[in-house]
Amino acid sequence: SLVQTLNPPSYNPVYHPFYHPNLSFELLGLVTSLLMLAGVILISPLFNTVKKSGEKHRRLVNELQDTLAELARSEKKLTDITANLGEGVYVFDRNGTVTFLNPTAERLLGWTIEELNEKGAHDLFHCRKTDGTVLHREECNILKVVRTGETFFSNDEIFMKKDGGVFPVSVISNAIKDKDAITGAVISFRDIT
């Protein structure tokens with residue numbers, strides 16, 4: 001017994017009182033099954049969240065497509081209306097950059113909206129006074145509308161065509177506002193030659 005205390009027998013599971021040869025595999029299977037069940041229980045809400053997110057995404061995509069279709073219809077209607085006006089119409093932002101030009105304005109001026117991209121109307125076709133002298137930006141009443149918000153009307157302005165020819169115009173310039181902030185101006189003009 002003193003010898004056994006100093007030299008205990010090595011561990012051998014076959015001689016262990018609770019050991020059963022098939023029990024370790026059954027226990028391993030049971031633990032694996034429990035872990036899988038716990039995983040399914042824990043991951044199920046994740047799948048539901050993903051499913052709900054997918055449905056929400058589809059609904060948002062459908063709403064966006066509907067909104068874009070309505071915007072396209074509205075834009076076509078505006079284009080159809082402005083294309084049939086007898087006046088030239090153009091819009092510029094706070095910097096004076098032309099953002100819209102109707103077909104009548106294109107015909108009268110000789111410029112297309114693509115050619116005016118990032119260019120100001122003042123510098124291209126409203127840069128002269130009726131006597132032919134230079135009209136500086138600071139003096140331009142059409143541009144002043146974005147600073148003052150006041151409507152400007154005149155029968156005494158001239159516009160220059162792309163080819164360099166000039167013609168007298170009757171013009172009205174109105175500020176475009178968004179929640180009381182001036183974002184640009186819309187200008188309507190008519191050739192009064």
Side-chain angles (χ1 to χ4, degrees), residues 49-128 130 135-193:
T49 301
V50 169
K51 181 181 176 184
K52 287 178 184 175
S53 294
E55 290 168 0
K56 184 177 179 182
H57 176 69
R58 275 189 296 282
R59 189 178 73 251
L60 289 174
V61 166
N62 288 339
E63 287 175 11
L64 179 60
Q65 288 172 337
D66 292 345
T67 301
L68 290 174
E70 181 60 34
L71 182 60
R73 284 189 295 275
S74 179
E75 187 175 334
K76 182 182 179 334
K77 185 176 183 178
L78 176 63
T79 301
D80 291 347
I81 290 169
T82 60
N84 291 299
L85 291 174
E87 290 83 22
V89 176
Y90 67 96
V91 176
F92 60 81
D93 62 17
R94 285 201 50 88
N95 300 320
T97 303
V98 176
T99 59
F100 175 81
L101 195 66
N102 79 338
T104 304
E106 287 183 350
R107 182 180 52 76
L108 291 170
L109 297 168
W111 297 94
T112 65
I113 188 65
E114 291 79 19
E115 293 170 319
L116 293 176
N117 191 21
E118 298 183 14
K119 296 182 179 106
H122 178 82
D123 300 325
L124 293 175
F125 55 83
H126 187 239
C127 55
R128 300 271 176 221
T130 53
L135 175 63
H136 298 285
R137 292 177 71 86
E138 301 79 33
E139 301 174 85
C140 180
N141 289 317
I142 293 174
L143 285 175
K144 197 179 291 182
V145 169
V146 294
R147 293 190 304 271
T148 67
E150 296 176 11
T151 298
F152 170 72
F153 172 78
S154 174
N155 283 318
D156 193 29
E157 300 291 321
I158 63 167
F159 281 175
M160 185 181 302
K161 296 181 180 186
K162 182 179 177 180
D163 65 9
V166 295
F167 60 100
V169 294
S170 172
V171 64
I172 187 165
S173 178
N174 286 299
I176 299 171
K177 296 181 180 179
D178 183 15
K179 298 178 184 172
D180 296 328
I182 298 172
T183 60
V186 59
I187 295 79
S188 176
F189 67 94
R190 179 184 291 261
D191 182 347
I192 56 172
T193 302

Can you check side chain to side chain contact (heavy atoms under 4.5 Å, CB included) on V186 and V89, steps first, answer last?
CA-CA 7 Å; V186 59; V89 176; 3.9 Å; yes
CA sep, side-chain torsions, deciding dist, call: N95, T97, side chain to side chain donor-acceptor pair (under 3.5 Å):
CA-CA 6 Å; N95 300 320; T97 303; 5.2 Å; no
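The salt bridge (Lys or Arg N to Asp or Glu O under 4.0 Å) contacts involving residues 88-106 comprise nothing, where partners must be two or more places apart or lie in separate chains.
In this structure, CD in E87 is found 10.0 Å from CG in L108, a value given to the nearest 0.5 Å. One finds the OH atom of Y90 at 4.0 Å from the CZ atom of F159 (value rounded to the nearest 0.5 Å). For the atom pair NZ of K161 and CG of D191, the computed distance is 6.5 Å after rounding to the nearest 0.5 Å. The CZ atom of R147 sits 9.0 Å away from atom CG of N141, with the distance rounded to the nearest 0.5 Å. Interatomic distance, NZ of K162 versus CG of L109, reported as 11.0 Å (0.5 Å rounding). Distance CG/L68 to CZ/R73: 10.5 Å, rounded to 0.5 Å.
Across all non-hydrogen atoms, the minimal contact from T193 to P168 is OG1-CD, 3.6 Å. The heavy-atom pair separating F100 from N102 by the smallest distance is CE2-N, 3.8 Å. Nearest approach of E157 to H126, heavy atoms of both residues: OE1-NE2, 2.7 Å. Of all the heavy atoms in V98 and L116, the pair that sits closest is CG1-CD1, 4.1 Å. For the pair T104 and G88, the tightest heavy-atom approach, listed with the atom from each and the gap, is CG2-N, 3.8 Å.
Residues satisfying the salt bridge (Lys or Arg N to Asp or Glu O under 4.0 Å) criterion with R137, sequence neighbours excluded, are D123. For F92, there are no ring pair (Phe, Tyr, Trp, His ring centres under 6.0 Å) partners, not counting sequence neighbours. Considering only residues two or more places apart in sequence or on other chains, F152 meets the ring pair (Phe, Tyr, Trp, His ring centres under 6.0 Å) condition with none of them.
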Please list every donor-acceptor pair under 3.5 Å in which a side-chain atom of residues 173-181 meets a protein atom from a residue at least two apart or in another chain.
from: S173; atom 1: OG; to: I142; atom 2: O; distance (Å): 3.3
from: N174; atom 1: OD1; to: T151; atom 2: OG1; distance (Å): 2.6

Can you list, pair by pair, the side-chain donor-acceptor contacts under 3.5 Å of residues 57-67, counting residues two or more places apart and other chains?
from: N62; atom 1: ND2; to: R58; atom 2: O; distance (Å): 3.4
from: T67; atom 1: OG1; to: E63; atom 2: O; distance (Å): 2.9

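Shown here is E55, whose CD atom has more than 12 heavy atoms of other residues, nucleotides or ligands within 6.0 Å.
Note: F125 and F189 have tilted aromatic rings, judged against thresholds of 30 and 60 degrees for the angle between ring planes.
Of the candidates D156, V166, L135, T130 forms a side-chain contact (heavy atoms from CB on, under 4.5 Å) with just one, namely D156.
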